[in-house]
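Okay, structure first, notes after.
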Amino acid sequence: MRPLVLAAALVCAPVPPAVAASPHALPECAADSLGYRAHTLPPIARSVVLLTVTNRGKQNCTIDRFPTVTFAGLDGSANPAPPVESGPHVINAGRTLYAALRTDDTTAPAHYVPSLAVAASPAHAGRVFTASGIGAPAPGIAVYDPVTTLWRTSADDAVAALPD
């Protein structure tokens, strides 16, 4: 009889929180449940932009582990640093995550664009920010070999994760 009682206890045991919080067990965030912000950080000459995404929904959900950042009139997007594959990242309801974006590494002449777009998932349109709206000086956002960090829990961690 003991083995049956033990088996019943195992079947009825609650799922550990680590398993319940697995990113693969949560749905992708709805595009309209996410809010975005972006602004340049000093020194502007390095072209560093702080990005935020906020889950305005009532449920935890997933976004991509790094933002998709594209630039008006240019092909491609910012590369993640460190280089990683796309994958789910949990963002809790009501929480904000941060990523840092370096738009220009200053090793070659930059292209200047009037805006950039940020999305928390490659499948989302995200939000477009104008150069003046993020605080970039004229003639626009300098872009050459852009990189973005993974989403972080603080702005300081995101900026510290940018490669030199």
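Sorted by first and then second residue, the side-chain hydrogen bond (donor to acceptor under 3.5 Å, both in side chains) pairs with a member in residues 142-156 read Ser154-Asp157; sequence neighbours excluded.
Two residues are said to be in side-chain contact when any heavy atoms from C-beta on lie closer than 4.5 Å; Pro163 and Arg102 meet this criterion. With a 4.5 Å cut-off on side-chain heavy atoms, Leu101 and Leu162 do not count as touching. His124 has its side chain within reach of Glu28: a pair of non-hydrogen atoms, C-beta onward, lies under 4.5 Å apart. Ser115 places none of its side-chain heavy atoms less than 4.5 Å from the side chain of Phe129. Side-chain contact between Val147 and Pro80 is absent, with no heavy-atom pair separated by less than 4.5 Å. Residues Thr70 and Leu116 are not in side-chain contact: their nearest non-hydrogen atoms beyond the backbone lie 4.5 Å or more apart. When side chains are defined from C-beta on, Val48 does not count as touching Thr40, because their heavy atoms never get closer than 4.5 Å. By the 4.5 Å heavy-atom criterion applied to side chains, Val118 and Thr68 are not counted as neighbours.
Under a 3.5 Å cut-off, the side chain of Arg65 and the backbone N or O of Val90 do not form any donor-acceptor pair. At distances below 3.5 Å, not a single donor-acceptor pair connects side-chain atoms of Asn55 with backbone N or O atoms of Gly94. Distance alone, capped at 3.5 Å, is enough to place a donor-acceptor pair between the Asn60 side chain and the Ala93 backbone. In this structure a side-chain-to-backbone donor-acceptor pair under 3.5 Å is missing from Thr54 to Thr96. A donor-acceptor contact shorter than 3.5 Å links the side chain of Tyr36 to the backbone of Ala120.
The shortest non-hydrogen separation linking Ala110 to Ala142 is CB-CB, 3.9 Å. Of all non-hydrogen atoms in Ala131 and Gly140, the two that sit nearest each other are CB-CA, 3.9 Å. Residues Ala99 and Pro67 approach most closely at CB-CG, 3.8 Å, considering heavy atoms. Ala78 and Phe71 get closest at one heavy-atom pair: N-CE1, 4.2 Å.
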Q.
The test is side chain to side chain contact (heavy atoms under 4.5 Å, CB included); show your working for Ile63 and Val53 and say whether it passes.
A. CA-CA 10 Å; Ile63 57 176; Val53 61; 3.9 Å; yes
Q.
As a quick check of understanding, evaluate side chain to side chain contact (heavy atoms under 4.5 Å, CB included) for Thr103 and Val49, giving each step before the final call.
A. CA-CA 8 Å; Thr103 63; Val49 179; 4.3 Å; yes
Q: Verify side chain to side chain donor-acceptor pair (under 3.5 Å) between Thr106 and Asp104, making sure each step is shown before the conclusion.
A: CA-CA 5 Å; Thr106 69; Asp104 179 17; 5.6 Å; no
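Under a hydrophobic-cluster definition in which Ile, Leu, Val, Met, Phe, Trp and Tyr are linked whenever side-chain heavy atoms come within less than 4.5 Å, directly or via other members, Val143 and Val69 are assigned to the same cluster. A chain of hydrophobic side-chain contacts below 4.5 Å, direct or via other Ile, Leu, Val, Met, Phe, Trp or Tyr residues, connects Leu97 to Ile134. In the hydrophobic cluster analysis, where Ile, Leu, Val, Met, Phe, Trp and Tyr join through side-chain heavy atoms closer than 4.5 angstrom, Val159 is grouped together with Tyr98.
Going from atom NE2 of His89 over to atom SG of Cys29 covers 10.0 Å, rounded to the nearest 0.5 Å. One distance of note links OG of Ser77 with CG of Leu74; it measures 11.0 Å at 0.5 Å rounding.
Checked by atom type, the side-chain pair Asp64/Ser121 shows no donor-acceptor distance below 3.5 Å.
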